[in-house]
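The structure appears right after this line, and notes come after that.
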Protein chains: 2
Amino acid sequence: MAQTDTVERILDAAESLFAEKGFSETSLRTITSRAKVNLAAVNYHFGSKNVLIQAVFTRFLDPFAEGLGKRLDHIESTGEEPSLEELISMLFIEVLRVKPRGQNDLKVFMRLLALAYAQAQGHLRKHLQAIYGHVFTRYFRLLVKVAPGLPENELYWRINFMMGSVIFTMSDFDTLNAISEAENGTTASIEDTLKRLAPFLVSGMRAPQPADLEK
Amino acid sequence: MAQTDTVERILDAAESLFAEKGFSETSLRTITSRAKVNLAAVNYHFGSKNVLIQAVFTRFLDPFAEGLGKRLDHIESTGEEPSLEELISMLFIEVLRVKPRGQNDLKVFMRLLALAYAQAQGHLRKHLQAIYGHVFTRYFRLLVKVAPGLPENELYWRINFMMGSVIFTMSDFDTLNAISEAENGTTASIEDTLKRLAPFLVSGMRAPQPADLEK
DNA sequence: ACCCGAACAAAACAAATGTTTTAAACACAT
DNA sequence: ATGTGTTTAAAACATTTGTTTTGTTCGGGT
C-alpha cells in the first residue's frame, strides 16, 4: 500500500475542525485541504461524511471505554467498594490517560462530546449509545451502590447534572476563560478548572433529596 | 400593511426548527414552508439568515434580561441581601415567567441556549455577549456578595458549572428521559427535574474550596 | 516482467443552499 | 379612485455541498 497515514491525517483534521466549528459547518473540502489529501479520499476511505464523523468519535472513545471497562472489571473482581470521590475522579483520570497528542486535546475531546449532545437527533447519538451504552450502564450501576442512599432515578439525573457541568465547562473553556479575564482579571488552566470541578460535583452528588419527590 | 404576523410566523417556525435540528441543519425553505410563508420573506424582513437567528434569540432573551434586570434593581434599591437559594431560583422563576406559548417551550428555550454555546465562535456569541453581558455581570456581582466567602474567580467558575448542569440537562431532556425509562423504568417531568436540580446546585455552590487553589 | 488490486488525483455531477430579482397583489392616505 | 409604499409570489442566480466517476500511479506477489 501507499502511505496509509492518509486515514490518520483525515481523522486529525476532521477532529480539530469539527471541534472548532461543528459538523455541518465543516465541509469535506476544508478537511481534505487541511489534511493535504484529495477530496475523494474521504468517501474512498470512509464511505460518507457521516461515517467519518462516527470514526472520529470511535477513535478517541474506544480507548476511553476500554480503559473504563478494565477499571470496572478490577473493582468488581476485588469486591471492594470505591468511594464516591474515587468513582468520579476515575472518569477524569481516564480522560487524561487517553489523550495521546497535543496540549489542547482535552478541550477538543470535550467539545466533541458537547457537539454529540447538542446535535442530539440523528445518526451519531444512536451510534454512540449502541456502542458505549453498556459501559456507561455498568458505571452507573456501580455508582448506585456507592452513592449515599439515594434512589436510582435520583442518581441518574445527578449523573447527568455532573456531565453537564463538565462537558459544558470544558467545551467552552477558552471562551469562559477569556470572559473570566475580562471580569475579574484572572485566568485558569484546564487542570485548575478540573480541580475546581471536583468538590462542586461531589457536594452536588451528596445533596439531600428534594423532599417532595420522595415518591 | 398586510397581515404582518408573517414575521411572527417566521420566528415561531425558525425557533422550533432551530431547537430541533440546529442552525446550519435548518434551511430557510423548511422554515418558510412550515411558517406557510414565501421563501423571500425571510430575506425581506430580516435581511439574512444570520439576522434571523439573532432575532430568534432576542425575542425570548429580551424579556428575560429585562425581567432579571428589574429584579436586580429591586434588590439593590431595598438593600437587603437575598439568600443563595433565592438568587438561584430567581433565574428559574424568570425563565418560567418569560415563556408565553406552549408546554415544551422550556425545552426549546434551553436547547437554543445550548446551541448558542455549542456554536461558540461566530456572530451569535458576540451578539449575545454585547447585548446581555451587562445584566449577567450585575447578577454575578450580586452573587459574589451573597455567596459563602469564596473568592471571585472561584465563584465565577461555579456559576458556569451551574449553567452547564441546567442547560445540558434541559436541552437534552427528552433524550435523557427516554434513557431513564429504559434504564430504571421511570420518567420525570421538566418541573420534577428542576426540583431535582436545585439542591444539587445549592450544595455544589456551598462546596469547600479546593485546598491547593487558595492562592 | 507481468499483473492485479489498492491508493490517489482530477474532474464532473446532481442536489441543496442563501440570496437576489422581477412582477403582482395589497392596504391605505389623499 | 388614484397613487404610493409595503408585503407577497415566483423564478432565477451563483455558490457550495456531498458524492461519483474516470483515469492514473504505485507496490508487491507469482
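The chains referred to below are lettered A, B, ... by the order of the sequence lines, with proteins before strands, and numbering in each begins at 1. Treat the numbers as computed from the prediction; the structure is a model and nothing was measured.
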Heteroatom pairs (N/O) under 3.5 angstrom, protein to nucleotides 22-25 of chain C:
none

Checklist entry - Is B:R59 paired with B:D12 through a side-chain N to carboxylate O contact shorter than 4.0 Å? => result yes

Item to check | B:D172 and A:R125 ion-paired at < 4.0 Å | outcome: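 Yes.
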
Checklist entry - For A:D73, what residues pass the salt bridge (charged side-chain N to carboxylate O under 4.0 Å, His left out) criterion, not counting sequence neighbours? => result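 So A:D73 forms a salt bridge (charged side-chain N to carboxylate O under 4.0 Å, His left out) with A:R138.
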
Item to check | A:E181: salt bridge (charged side-chain N to carboxylate O under 4.0 Å, His left out) partners, not counting sequence neighbours | outcome: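 Checked A:E181 against salt bridge (charged side-chain N to carboxylate O under 4.0 Å, His left out); zero matches.
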
Among residues at least two apart in sequence or on other chains, which ones pass side chain to side chain contact (heavy atoms under 4.5 Å, CB included) with [X]?
| X | answer |
| --- | --- |
| B:A14 | B:F18, B:I31, B:L52, B:V56 |
| A:A41 | A:T6, A:I10, A:V37, A:H45 |
| B:P151 | B:N153, B:E154, B:Q209 |

Next on the checklist: Is the distance from the ring center of B:F200 to that of A:F161 below 6.0 Å?
Outcome noted: yes

Next on the checklist: From the set D:dT20, D:dT8, C:dC8, return the single nucleotide nearest to any side-chain atom of B:T6.
Outcome noted: D:dT8

Checklist entry - Quick one: does A:Y156's side chain have a donor or acceptor within less than 3.5 Å of a partner on B:N177's backbone? => result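 No, the answer is negative, given that no donor and acceptor are paired below the 3.5 Å cut-off.
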
How many whole angstroms separate atom [atom1] of [X] from atom [atom2] of [N]?
| X | N | atom1 | atom2 | answer |
| --- | --- | --- | --- | --- |
| B:N38 | C:dT21 | CG | P | 16 Å |
| A:Y44 | C:dA10 | OH | P | 17 Å |
| B:K36 | D:dA10 | NZ | P | 14 Å |
| A:H45 | C:dA7 | NE2 | C1' | 6 Å |

Next on the checklist: Under a plain distance cut-off of 3.5 Å, with no hydrogens placed, do A:N50 and A:S48 share a side-chain donor-acceptor pair?
Outcome noted: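 Checked: A:S48/A:N50 side chains show no N/O donor-acceptor pair below 3.5 Å.
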
Checklist outcome for this item: In short, side-chain hydrogen bond (donor to acceptor under 3.5 Å, both in side chains) pairs touching residues 28-41 of chain A with sequence neighbours left out are A:S16-A:R34

Only pairs under 3.5 Å count here: list side-chain donor-acceptor contacts from residues 86-93 of chain B, not counting sequence neighbours, and write none if there are none.
from, atom 1, to, atom 2, distance (Å)
B:E86, OE1, B:S83, N, 2.9
B:S89, OG, B:E85, O, 3.1
B:S89, OG, B:E86, O, 3.2

Checklist entry - Among all residues two or more places apart in sequence or in another chain, which pass the ring-ring contact (aromatic ring centres under 6.0 Å, His included) test with A:F46? => result none

Next on the checklist: Contact list please: residues 51-58 of chain A against DNA chain D, heavy atoms, distance less than 4.0 Å, in numerical order.
Outcome noted: none

Give every pair of a protein N or O atom and an N or O atom of nucleotides 15-18 of chain D that lie under 3.5 Å apart, one pair per line with the distance.
from, atom 1, to, atom 2, distance (Å)
D:dG18, OP1, A:K49, NZ, 2.6
D:dG18, OP2, A:L28, N, 2.9
D:dG18, N7, A:R29, NH1, 2.9
D:dG18, O6, A:R29, NH2, 2.8

Next on the checklist: Please report the end-to-end axis angle for the helix from C:dA1-D:dT30 to C:dT30-D:dA1, five pairs per end, rounded to 10 degrees.
Outcome noted: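 Axis angle across the helix from C:dA1-D:dT30 to C:dT30-D:dA1, nearest 10°: 10°.
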
